[in-house]
Asker: 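Before I ask anything, here is the structure I am working with.
For this chain, numbers begin at 1 and follow the sequence in order. Just so it is clear, the structure is predicted and the values come from calculations on it, not from any experiment. Every number for a ligand or one of its atoms is a count from 1 in the order of the listing.
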Amino acid sequence: MSTNAELATIFERMAAMLELLGEDRFRVNAHARAARAIEALSGDVAEIAEDEKALTSIDGIGAKTAKKIREYVETGRVHEHDELLAKVPAGLLEVLDVPGLGPKTVRMMWQEKGVESIADLKRILDDGSILDLPRMGEKTVQNIRESLAFAAKSSERIRLGDALPIAERLVARLEKVKGVQRVAYAGSLRRGRETIGDLDILVSAKDGAAAREAFTGMEGVEKVLASGEKKSSVRLQAGKISVQADLRVVDDAAFGAALMYFTGSKEHNVRLRERAIRMGMTLNEYGLFPETEGEKPPQERGVKPVASRTEEEIYQALGMAFVPAELREDQGEVSDGWETPELVEVSDVRAELHAHTTASDGVMSIVELAQCAKARGFHTIAVTDHSKSSVIAHGLDEARLRKHIEQVREANGRVKGITILAGSEVDIHADGSLDYDDELLAELDVVVASPHAALRQETKEATKRLLRAVAHPLVHVLGHPTGRIINRREGLQPDMAEVAAAAAEHGTALEINCNHLRLDLRDRDVRIALEHGALLALNCDVHAEDDFDELRYGVLTGRRGGLTPDRCINTWGAKKLHGWLKKKRGG
Ligand code: DGT
Ligand code: CA
Ligand code: CA
Ligand code: ZN
């Protein structure tokens, strides 16, 4: 973890602990604000801390916070943090992490029922004594139960956005080892799945032992689980993330065959092997071989493979079009006549249509946001701050939004080379109505309508709610349609086929929110949306500069659903996109 991330985590934890101890709001907020400010810093906090004035000039960092930051940079600790840790049981912070449990409730559980861990929480759920607590009803208890069950079910798989940077570091490190020829990550990560069970890394090298030693001795390796000539396994720890990684050392001449095998999916591999057999060949992790007699596998009998060096050669020898890794899920891609689609790529995206500024819960000004978007080569950025119902996110009421629109228009005149659109991420109420009236919505260039609350609705209500928003004549994009948070919150489960059909009918785009915590729409819903003729949007839901980098996770998700650039509004040229937006304004 970087110093910035470590410090942000420490301040976040201090805020949580202060709240559990019942300290006053002001102190709690100051720590939470400091955590956010440190997280959003683009420079190294340790360097900035060398200059006292530089620290306190940052929004959200006062004199007291600056002192604690310097203490950490100099000593590696924050005294106040240690003191708090001594007062609050460690397991209680995990209880606080359970979705739906706020600090007030957790504090009450702790004081009244002696809850100090998840195990204690389960105990008061099981014996029913949780119901003795004030304002605790059957419904809330049921929600807590579901959250716990959901978290337990998903705890072993890590998120794509946590796995990919770790794998990239492993690959970069191995590439530097002397004698290494090719390195790649394979498995579910290469296929771009939203969660990953373990990391699968392949390497070919003149000196396999050196590659293996570099792998098992890598920074972050907590435990070496196995170390053999062909395969090594380690448990890695990176910040809060813990994951297993397997390294396989393969012959460079068979790298393509190994990459194909270990990329999977297993079901795709099964189909490929069946196809090879029908064609009178054998496929395994060493290559595609002509069928020959013999007890041992062909590679051990010196049989020369038909293809093995690259995946391209093997697909070709199987008489198939190349299958992008994201589509290797046995959904018809191994059948005759299947053609490679031109899937969307990160470099195709030219516009961001979902971004927040300091007016709501973002950390950049309108101009800063536009400059970031411009630096990425975008022709358009839409400013879509939250609407009034999103109170925690500091949503804008009508008067503030009107002023904000003026500020956006004014900024648009000042920043050359990019169009800044005035928009809103307007809340979709539980009944599907929107948080602003039509007159105000009509003044905006872009309307992204998103559900934020009431995310436990039944399928029937959820479908009705989203259908109403999608059919609203002033809505351009349905933002994070289900509101799910991967591994934490299931979100709405609408009838996606119905929502997609309505989106196609009304010319409303469905968002793939690229944030790796969301990836909402998910891959299979992208496929449904495309099958029903709907347009998709790839939006990063930008709150800070780094959020633009989340794009690749959304792109992977889109590719898994078969998304091509023509169906993704963010890839369109400025003229086409602006024309499409104006159509819903009668222009
Ligand atoms: P994960 O790690 O659970 O997210 O999913 P994968 O797909 O990465 O699965 P993993 O790590 O167990 O294995 C990596 C790949 O190796 C898998 O996608 C296909 C291949 N593979 C592993 N075991 C078998 C097998 O028994 N048969 C076949 N055909 N392929 C296998
Ligand atoms: Ca894997
Ligand atoms: Ca594996
Ligand atoms: Zn949102």
Side-chain angles (χ1 to χ4, degrees), residues 154 156-160 162-164 166-167 170 184-202 231 233 236 243-248 250 257-277 282-286 323 325-326 328-330 334 353-356 360-362 382 384-387 389-395 423-428 435 447-453 455 469 477-487 489 491-492 511-515 517-518 520 537 539-543 547 550 560:
S154 46
E156 300 104 53
R157 298 185 65 82
I158 70 168
R159 298 177 184 109
L160 174 64
D162 293 322
L164 191 52
I166 297 174
L170 291 179
Y185 57 80
S188 52
L189 177 60
R190 181 160 176 245
R191 303 200 309 281
R193 281 194 58 180
E194 64 190 35
T195 61
I196 308 302
D198 68 359
L199 304 177
D200 303 283
I201 316 278
L202 297 186
K231 182 182 168 188
S233 295
L236 285 168
V243 66
Q244 183 177 326
D246 298 340
L247 178 79
R248 289 183 175 84
V250 305
L259 183 58
M260 188 178 223
Y261 182 88
F262 291 109
T263 295
S265 67
K266 208 166 160 176
E267 293 73 18
H268 177 79
N269 290 353
V270 169
R271 291 274 174 254
L272 291 180
R273 280 204 300 274
E274 290 169 358
R275 189 178 173 97
I277 290 167
T282 316
L283 177 66
N284 63 27
E285 63 197 276
Y286 300 94
V323 184
E326 299 88 342
R328 299 182 192 173
E329 298 288 353
D330 187 24
V334 185
L353 298 175
H354 184 167
H356 301 269
S360 61
D361 58 350
T384 58
D385 279 299
H386 286 284
S387 64
S389 286
S390 285
V391 177
I392 301 167
H394 214 60
S424 168
E425 182 185 13
V426 62
D427 259 66
I428 305 172
D435 207 19
V447 174
V448 176
S450 315
H452 287 113
L455 297 174
V477 177
L478 181 63
H480 49 73
T482 73
R484 67 119 170 211
I485 303 290
I486 297 173
N487 283 0
R489 183 167 79 202
L492 301 173
E511 179 178 87
I512 300 173
N513 192 293
C514 301
N515 188 295
L517 303 176
R518 292 189 181 273
D520 178 15
N539 284 334
C540 290
D541 197 348
V542 176
H543 288 77
D547 292 338
E550 299 280 290
R560 288 179 59 80

Asker: Name the one of Ser389, Ser390, Ser450 that satisfies side chain to side chain donor-acceptor pair (under 3.5 Å) with Asp427?
Answerer: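 It is Ser390, the one option of Ser389, Ser390, Ser450 that forms the side chain to side chain donor-acceptor pair (under 3.5 Å) with Asp427.
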
Asker: Short N/O distance, under 3.5 Å, between Thr195 and ligand 1?
Answerer: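 N/O-N/O distance under 3.5 Å: no.
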
Asker: Using a 4.0 Å heavy-atom cut-off, which part of Asn269 comes near ligand 1: side chain, backbone, both, or neither?
Answerer: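 Asn269 to ligand 1: side-chain contact only, backbone stays beyond 4.0 Å.
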
Asker: Quick one: does Asp246 get within less than 4.0 Å of ligand 1, heavy atoms only?
Answerer: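 It does not; every heavy atom stays at 4.0 Å or beyond.
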
Asker: Could you walk me through whether Leu272 and Val334 pass side-chain contact (heavy atoms from CB on, under 4.5 Å), step by step?
Answerer: CA-CA 7 Å; Leu272 291 180; Val334 185; 4.1 Å; yes

Asker: Centre-to-centre under 6.0 Å for His386 and His356, is that the case here?
Answerer: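 His386 vs His356: aromatic centres under 6.0 Å.
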
Asker: Apply side-chain contact (heavy atoms from CB on, under 4.5 Å) to Glu425 and Asp385, showing your working.
Answerer: CA-CA 6 Å; Glu425 182 185 13; Asp385 279 299; over 6 Å; no

Asker: Do you know the tightest heavy-atom contact between Gly479 and Pro451?
Answerer: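 What the structure gives for the nearest pair is O-CD, 3.4 Å.
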
Asker: Which ligand 1 atoms does Arg157 reach within 4.0 Å, using its non-hydrogen atoms?
Answerer: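 Selected atoms, number and element: 1 (P), 3 (O), 4 (O).
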
Asker: Just go through Gly264, Ala258, Ala186 and tell me whose heavy atom is the nearest to atom 17 (C) of ligand 1.
Answerer: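 Considering heavy atoms of Gly264, Ala258, Ala186, the nearest to atom 17 (C) of ligand 1 sits in Gly264.
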
Asker: What angle, in degrees and rounded to 10°, do you get at the Zn ion (ligand 4) when you join it to OE2 of Glu425 and to NE2 of His452?
Answerer: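 For OE2 of Glu425 and NE2 of His452, the angle centred on the Zn ion (ligand 4) reads 90°.
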
Asker: If only atom types and distance count, is the side chain of Arg191 paired as donor or acceptor with the main-chain N or O of Thr263 below 3.5 Å?
Answerer: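 It does hold such a pair.
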
Asker: Give, for atom CD of Glu285 and atom CG of Asn269, the distance between the pair rounded to the nearest 0.5 Å.
Answerer: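 Interatomic distance, Glu285 CD to Asn269 CG, rounded to 0.5 Å: 10.0 Å.
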
Asker: Are Arg484 and Asp520 close enough for a salt bridge, meaning some N to O gap below 4.0 Å?
Answerer: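 No salt bridge links Arg484 with Asp520.
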
Asker: Looking at ligand 1, is there an atom of it that comes within less than 4.0 Å of some heavy atom belonging to Arg193?
Answerer: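 Outside the 4.0 Å threshold, so no.
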
Asker: Please could you name the atoms of ligand 1 that Ile196 approaches to less than 4.0 Å, counting only its heavy atoms?
Answerer: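 This gives 4 (O) as the contact atoms.
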
Asker: Flag Gly187 as yes when one of its N or O atoms lies below 3.5 Å from any N or O atom of ligand 1, and as no otherwise.
Answerer: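 No, no N or O pair falls under 3.5 Å.
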
Asker: Answer with yes or no whether Val270 contacts ligand 1, where contact means a heavy atom under 4.0 Å from a ligand atom.
Answerer: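 The answer is no: ligand 1 sits nowhere under 4.0 Å from a heavy atom of Val270.
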
Asker: Which of the atoms in ligand 1, numbered in the order shown and given with their element, are less than 4.0 Å from a heavy-atom of Thr263?
Answerer: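 Near Thr263, meaning under 4.0 Å from one of its heavy atoms, ligand 1 has 18 (O).
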
Asker: With respect to Asp198, determine whether any N or O atom, backbone or side chain, lies less than 3.5 Å from an N or O atom of ligand 1.
Answerer: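 By distance alone, the answer is yes.
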
Asker: Can you list the ligand 1 atoms lying under 4.0 Å from a non-hydrogen atom of Arg273?
Answerer: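 Those of ligand 1 that fall under 4.0 Å from Arg273 are 29 (N).
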
Asker: Please assess His354 against Glu511 for the test side-chain hydrogen bond (donor to acceptor under 3.5 Å, both in side chains), listing each intermediate value before the final yes or no.
Answerer: CA-CA 10 Å; His354 184 167; Glu511 179 178 87; 2.9 Å; yes

Asker: Run the salt-bridge test on Arg193 and Glu329 with the 4.0 Å N-O cut-off and return the result as yes or no.
Answerer: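 Salt bridge: no.
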
Asker: Enumerate the atoms of ligand 1 whose separation from the nearest heavy atom of Arg191 is less than 4.0 angstrom.
Answerer: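 In order of numbering, the contacting atoms are 7 (O), 18 (O).
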
Asker: Which angle, to 10 degrees, forms at the Ca ion (ligand 2) with O of Asp198 on one side and OD2 of Asp200 on the other?
Answerer: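 Approximately 100° at the metal, rounded to tens of degrees.
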
Asker: Please determine if the Zn ion (ligand 4) has an N/O/S atom from His480 lying under 2.8 Å away.
Answerer: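 Given the 2.8 Å cut-off, His480 counts as a ligand of the Zn ion (ligand 4).
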
